Amino acid sequence: MKRLLCLLPVLALLDTAFAQIPAGETILRNVERTFGSVEDYTVTLDIVTNIERTKIPPMKVTMYFKQPERVHFVSTGFALLPREGMGTQFGRLTKRYTVDSVSREMREGMPVYRLLLLPRDVRTMGYRARMWVDGVRWTPERVEIPQPDGRAMTALFTYVEIDGHWLPANLQVSFTAGMQDSTAGAQSGPMERPGAGAQRSGGRTGSVTIRYSDYRINTGLPDSLFTTPPVPPR
């Protein structure tokens with residue numbers, strides 16, 4: 001009996017290691033459910049920007065979010081925000097992307113899925129992306145997206161659980177110049193925008209770090225807050 005009990009953790013690890021990898025669309029829908037569980041939220045963002053040849057002081061911004069993908073920012077001055085990496089688009093991944101391939105990594109005994117995503121509309125999105133998804137929480141941990149100026153954007157997320165919902169706690173977005181898209185292969189395909197060669201180096205490099213705090217979720221934010229010009233909430 002003791003020998004059997006000792007073998008149980010080993011068997012559990014082996015079962016996890018050889019478990020079937022979920023289909024790519026199943027993973028995306030799991031992520032959508034994670035982020036679709038919150039109808040709206042208000043959060044404070046503390047932003048520190050470190051971009052070469054640019055001096056931007058630390059900023060404090062209030063972000064309002066409401067499904068589906070409506071966002072409004074309030075700040076006392078200019079704020080540089082990497083909108084592609086804010087995480088607000090994770091609720092509609094299956095409408096934006098198809099999955100080209102899925103692989104699995106094990107980190108501290110937990111599965112992490114690596115997805116290669118192809119945009120459904122190459123005219124407006126144009127680039128394939130890589131995403132690493134936690135296979136327990138179903139939250140994106142890392143996202144890599146090529147940029148039109150030849151840079152590559154990498155977004156790293158950490159999360160906090162609030163009232164049973166997983167929401168971003170910290171986000172670090174970095175821009176690196178001259179990175180080659182190794183997923184493009186030897187031929188140019190419809191996923192690459194004309195004139196945006198992977199070898200070209202352009203734009204400024206650096207990083208933006210964002211800390212999320214003071215969440216208020218599902219407070220019933222009015223639609224008028226997301227109109228132009230917005231009507232402030234009472």
Side-chain angles (χ1 to χ4, degrees), residues 24 27-28 31 35 43 45-56 58-59 61 63 65 69 71 73 78-101 103 105 112-134 139-159 167-185 188-212:
I27 295 174
L28 294 188
V31 174
F35 286 86
V43 66
L45 308 178
D46 288 287
I47 305 165
V48 176
T49 303
N50 183 17
I51 303 294
E52 62 176 352
R53 304 191 304 279
T54 302
K55 291 185 178 180
I56 300 176
M59 297 292 299
V61 177
M63 182 174 81
F65 169 80
E69 296 186 1
V71 180
F73 298 99
F78 171 78
L80 180 63
L81 291 171
R83 289 174 181 260
E84 280 187 296
M86 292 297 292
T88 57
Q89 72 275 25
F90 291 152
R92 306 184 76 185
L93 286 172
T94 54
K95 295 184 180 297
R96 293 174 174 268
Y97 294 100
T98 61
V99 180
D100 181 75
S101 63
S103 60
E105 307 168 6
V112 175
Y113 299 103
R114 179 183 182 272
L115 288 74
L116 176 60
L117 304 176
L118 306 182
R120 292 187 181 274
D121 188 350
V122 298
R123 296 170 299 176
T124 60
M125 301 179 68
Y127 289 106
R128 61 192 73 199
R130 299 184 188 92
M131 178 183 294
W132 285 257
V133 176
D134 184 295
T139 54
E141 306 296 300
R142 178 187 181 104
V143 180
E144 295 180 356
I145 304 176
Q147 299 296 289
D149 57 11
R151 295 180 298 170
M153 185 201 78
T154 300
L156 301 175
F157 290 88
T158 62
Y159 295 88
L167 294 167
N170 291 279
L171 165 62
Q172 181 168 357
V173 179
S174 59
F175 297 92
T176 54
M179 287 189 64
Q180 183 175 357
D181 183 4
S182 61
T183 66
S188 297
M191 300 306 144
E192 299 176 50
R193 288 181 181 172
Q199 297 281 2
R200 186 182 68 183
S201 176
R204 300 178 182 181
T205 62
S207 64
V208 179
T209 302
I210 302 173
R211 183 174 65 88
Y212 299 70

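None of these values were measured; they are calculated from a predicted model.
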When rounded to the nearest 0.5 angstrom, what is the spacing between [atom1] in [X] and [atom2] in [Y]?
{"X": "L45", "Y": "T209", "atom1": "CG", "atom2": "OG1", "answer": "12.5 Å"}
{"X": "F157", "Y": "L167", "atom1": "CZ", "atom2": "CG", "answer": "12.0 Å"}
{"X": "T154", "Y": "F175", "atom1": "OG1", "atom2": "CZ", "answer": "9.5 Å"}
{"X": "R120", "Y": "T94", "atom1": "CZ", "atom2": "OG1", "answer": "6.5 Å"}
{"X": "L93", "Y": "T98", "atom1": "CG", "atom2": "OG1", "answer": "12.0 Å"}
{"X": "E144", "Y": "L117", "atom1": "CD", "atom2": "CG", "answer": "11.5 Å"}

| With side chains defined as the heavy atoms from C-beta onward, is the minimum distance between E141 and Y159 less than 4.5 Å? |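 In short, these two side chains touch, coming nearer than 4.5 Å.
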
| query | Do E69 and K95 sit within salt-bridge range, that is, some charged N less than 4.0 Å from a carboxylate O? | reply |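 Here E69 does not pair with K95 in a salt bridge, since their nearest N and O are not under 4.0 Å apart.
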
Nearest heavy-atom neighbours spanning [X] and [Y]:
{"X": "G24", "Y": "L115", "answer": "O-CD2, 4.1 Å"}
{"X": "M131", "Y": "F90", "answer": "CE-CE2, 4.0 Å"}
{"X": "L28", "Y": "Y97", "answer": "CD1-O, 4.2 Å"}
{"X": "I145", "Y": "A129", "answer": "CG1-CB, 3.9 Å"}
{"X": "A155", "Y": "V173", "answer": "CB-CG2, 4.1 Å"}
{"X": "R128", "Y": "P146", "answer": "O-CD, 3.1 Å"}

| message | Can a donor-acceptor pair be found, under 3.5 Å and without considering hydrogens, that links the side chain of E52 to the backbone of T205? | response |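 Here the side-chain-to-backbone pair exists.
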
| query | Do any N or O atoms from the side chain of R211 and from the backbone of V48 form a donor-acceptor pair under 3.5 angstrom? | reply |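 The answer is no, because no donor-acceptor pair under 3.5 Å joins these two groups.
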
| request: Using the side chain to side chain contact (heavy atoms under 4.5 Å, CB included) rule, take V99 and I27 through it: C-alpha gap first, then chi angles, then the decisive distance, then the call. | output: CA-CA 10 Å; V99 180; I27 295 174; over 6 Å; no

